[in-house]
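What follows is a single structure, written as structure tokens, with notes after it.
Bear in mind the structure is a predicted one, so any value in this text is a computation, not a measurement. Lettering of chains follows the sequences in order, A, B, ..., and the numbering in each one begins at 1.
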Amino acid sequence: MQVTLPDGKTLELPDGATGADVAKAIGPGLAKAALGTRINGELADGMTPVPDGAHIEIVTSKDDAWMQLARHTLAHVMAQAVREMMVDEGFDANAVKLAIGPVIEHGFYYDMDLPRALGPDDLPALEKRMRKIVKANLPLRRFALSRSEALAHYETLGDPYKVELIEDLPEGETITFYEQGGDDGFTDLCRGPHLPATGKIPKHFKLMSVAGAYWRGDERRPMLQRVYGVAFATEEELKDHLWRIEEAKRRDHRRIGQDLEIFTIDDDIGPGLPLWLPRGAVMVDEIETLAKEMEADAGYQRVRSPHLSKESLFLKSGHLPYYEEDMFPAMELDHVRYFVKPMNCPFHHKIYDARPRSYRELPLRLAEYGTCYRYEDSGALMGLMRVRSMQMNDAHIYCTEEQFADEFVGVIRLYLKYFELFGIESYEMRLSKHAKEGLGKKYVDEPELWLKTEAMVRDVLIEHDIPFVEAEDEAAFYGPKIDVQIKSAIGREFTLATNQVDFAQPRRFDLTYVAEDGQKHTPLCLHRAPLSTHERLVGFLLEHFAGDLPLWLAPEQVRIVPIADRHVAYAERVQQDLQAAGLRAEVDARSERMNAKIRDAELLKVPYTVVVGDQESDAEVVSFRSRQEADSSDVPLATFVAHLQAARDARALKVTPLSQGS
RNA sequence: GCCAACGUAGCUCAGCGGUAGAGCAGCCGAUUCGUAAUCGGCAGGUCGUCGGUUCAAUUCCGACCGUUGGCUCCA
């Protein structure tokens with residue numbers, strides 16, 4: 001047989017030759033450096049036979065992809081180390097049952113069913129064993145077994161996970177194993193690809209954590225133990241990665257939220273029920289003001305509704321059969337069950353239905369900062385990002401089918417305006433659809449309508465060149481939606497904005513409008529929350545800005561520092577002028593040294609610190625230090641006030657520096 | 001919800017079988033000072049809660065509550 005090399009040359013080889021054989025045929029230097037292969041562009045290892053006529057590239061450490069091989073082999077090394085440790089502790093080797101051990105971004109993990117629980121304290125010892133295995137430089141060997149041999153192997157060992165994996169492999173697929181260290185070493189069912197020997201693994205790896213993980217991600221199946229590790233080609237990359245993790249912790253909104261006195265969560269109040277501290281409440285107020293302005297411009301009307309209602313409302317909306325698990329349990333009053341609302345939509349439907357509607361009124365856009373309560377799983381709660389009490393930037397748009405596309409795009413344009421204002425550049429739009437397997441009890445069972453609305457949403461997005469990805473089984477129970485996914489500082493993904501189509505509830509509520517033809521028709525409803533909830537948005541913004549908020553959002557915009565007591569009067573004069581311009585300013589009149597006051601203002605990340613002493617009070621000027629522009633002195637007070645006012649009014653992300661600006 | 005770890009003063013953390021300690025924050029006093037911590041003093045905790053073991057528990061064990069990480073990456 002023959003293969004083609006990257007330079008176009010062909011190479012004649014005996015049948016069954018592997019990537020390593022190709023490297024050997026090219027030259028001894030390359031054979032030594034070879035870590036893996038690319039077969040027709042796809043990453044493979046040197047142990048895998050190459051097919052006749054394939055394009056072959058030899059992967060060396062110059063090819064970044066080689067770390068995938070190293071990470072995969074490390075997963076095996078780790079599993080081997082875990083088993084050795086368990087055996088040394090007196091457990092039977094077969095009590096260590098292996099599930100899966102894939103490569104992930106930056107590293108690897110292995111899911112295992114173990115005779116005892118691992119804790120973080122076990123990681124250093126495990127890592128030590130791993131380094132020993134790496135040092136032993138065990139060569140890897142790849143071999144194939146027939147389906148029945150493979151099944152028999154794992155049935156003998158009593159490993160139900162591997163048995164299940166093999167059973168799920170398509171008939172006729174080659175079932176491969178990788179072995180290292182012979183009979184005393186380690187053998188694992190594995191597709192590969194791997195490094196040729198454990199000694200090729202770079203020593204820049206680290207075990208990070210242990211965690212539980214359901215077998216195949218299914219909560220009805222056994223909980224396995226997962227050990228996570230990271231691995232890099234160089235020490236610098238590893239250090240950089242660990243530094244980034246530390247940096248992310250500093251950005252975590254829970255850290256910043258405490259340091260900047262934005263919110264707190266108190267045991268006596270309950271999990272997921274945050275309290276807004278005064279500084280946080282200022283942020284929320286600013287966000288509400290912003291949304292009110294934007295929505296007034298976009299033709300929304302404001303409404304208000306109660307926090308709870310009778311059961312009948314939620315039966316009608318469909319929340320009770322479909323959503324009850326996520327709702328706080330009912331309270332019973334006079335033999336009637338009441339629920340605290342998890343969403344505002346049923347109330348808005350009733351507002352729509354308060355009187356007959358004409359097509360002339362559509363689209364009707366009803367907006368409310370409704371406070372909702374959802375009984376989220378305790379394990380899902382996280383600071384402000386996932387809570388049980390939340391205030392939504394909510395609105396419902398009732399429109400005709402013809403108006404749908406414009407309204408839908410209008411909402412997406414609203415998102416984009418907000419994102420520009422906040423400087424949000426990293427996000428993903430996701431079209432969330434019902435499960436491929438069908439509708440079932442999770443969703444309103446209207447198959448044709450699902451397909452129709454999903455197609456409508458997709459068409460609108462494509463028509464307007466809005467990039468998106470599609471996701472099965474992520475829809476709301478009443479219809480498909482567009483979510484905007486963002487990542488928190490520590491890398492967890494959250495939905496920020498959402499725009500959902502609802503074809504079910506208007507019908508269930510018997511909502512109608514009279515059209516030009518004099519007939520009653522059912523409107524479509526869009527649920528939209530472009531700014532998510534106040535909680536999640538503030539949490540996200542704290543991380544996004546690392547606490548350095550734009551002037552308009554900053555709870556305290558100016559901190560005025562008098563140098564000595566005799567300057568307090570002038571400091572208060574400065575404060576009054578700022579406050580008269582609607583700016584939030586505080587005077588630090590403590591009996592502290594100026595340096596201490598400046599430090600405290602910096603730690604609170606107050607955007608502007610004004611220092612006033614003899615020079616300033618004599619000349620009616622200010623000297624400021626800023627987190628957003630260069631420090632400046634001898635600025636006339638009125639100029640300074642106007643400067644901040646302009647930045648605030650523009651809701652500028654970055655202040656135009658005074659020296660250059662008007 | 002499930003698996004694991006953690007829970008000591010407002011915050012960050014030390015102590016770990018003989019009923020608690022630091023720094024910062026707070027309060028009082030002195031200091032009045034030019035761009036990131038002035039000095040001194042005082043006060044502050046039923047060591048998450050409830051049980052158990054023990055002569056004795058913050059410390060050991062159990063349950064509960066709460067927090068954190070993970071539960072998407074499919075040999």
Among rU32(B), rG69(B), rG70(B), the one nearest Tyr228(A) by side-chain distance: rG70(B)
Base-paired stems that RNA chain B participates in, counting runs of 3 or more Watson-Crick or G-U pairs under 3.5 Å: B:1-7 with B:65-71, B:10-13 with B:21-24, B:26-30 with B:38-42, B:48-52 with B:60-64
Given rU12(B), rU38(B), rG66(B), which nucleotide is nearest the side-chain atoms of Gln258(A)? rU12(B)
Name the residue closer to the 5' end of RNA chain B, choosing between Gln615(A) and Asp377(A) according to the nucleotide with the nearest heavy atom. Asp377(A)
With Arg71(A) as the cation and Phe232(A) as the aromatic partner, state whether NZ or CZ is under 6.0 Å from the six-membered ring centre and within 45° of the axis. yes
Checking rA36(B), rC74(B), rG34(B) against the side chain of Arg216(A) (C-beta onward), the nearest is rC74(B)
OH of Tyr375(A): more than 12 outside heavy atoms within 6.0 angstrom? no
Contact class for Asp600(A) (heavy atom, under 4.0 Å): base, sugar-phosphate, or nothing? nothing
Side-chain-base donor-acceptor pair under 3.5 Å for Tyr375(A) and rG1(B): no
Are any of Gln225(A)'s side-chain N or O atoms less than 4.0 Å away from OP1 or OP2 of rC71(B)? no
Nearest-nucleotide pick for Asp267(A), side chain only, options being rA75(B), rG66(B), rU35(B): rG66(B)
Check: Ile133(A) main-chain N/O paired with Thr198(A) side-chain donor or acceptor under 3.5 Å: yes
Judged by nearest nucleotide, the residue sitting upstream toward the 5' end of RNA chain B, Ala117(A) or Met382(A), is Ala117(A)
When the C1' atoms of rA14(B) and rA9(B) are considered, how many whole Å apart are they? 13 Å
Between rC11(B) and rU46(B), how far is it from one P atom to the other, in whole Å? 14 Å
Answer whether the closest heavy-atom distance between the side chains of Ile482(A) and Leu431(A) falls below 4.5 Å. yes
Rounded to whole angstrom, note down the P distance from rA22(B) over to rG62(B). 33 Å
Between rC61(B) and rC16(B), how many Å separate the two P atoms, rounded to a whole number? 15 Å
Decide yes or no, distance alone: a donor-acceptor N/O pair under 3.5 angstrom between the base of rU32(B) and the side-chain of Asp565(A). yes
Side-chain heavy-atom pair Pro562(A), Lys597(A) within 4.5 angstrom cut-off: yes
Looking at rU35(B), I'd like to know if its phosphate oxygens (OP1 or OP2) sit under 4.0 Å from a side-chain N or O belonging to Arg599(A). no
Any cation-pi pair here, Arg388(A) with Tyr373(A), using under 6.0 Å and within 45°? no
Distance below 4.0 Å between Arg254(A) side-chain N/O and rG69(B) OP1 or OP2: yes
Asn595(A) side chain, from C-beta outward: closest of rU35(B), rU12(B), rA75(B): rU35(B)
Which whole-number value in Å describes the distance from His567(A) NE2 to rU32(B) P? 13 Å
For nucleotides rG15(B) and rG21(B), find the distance between their P atoms and express it as a whole number of Å. 15 Å
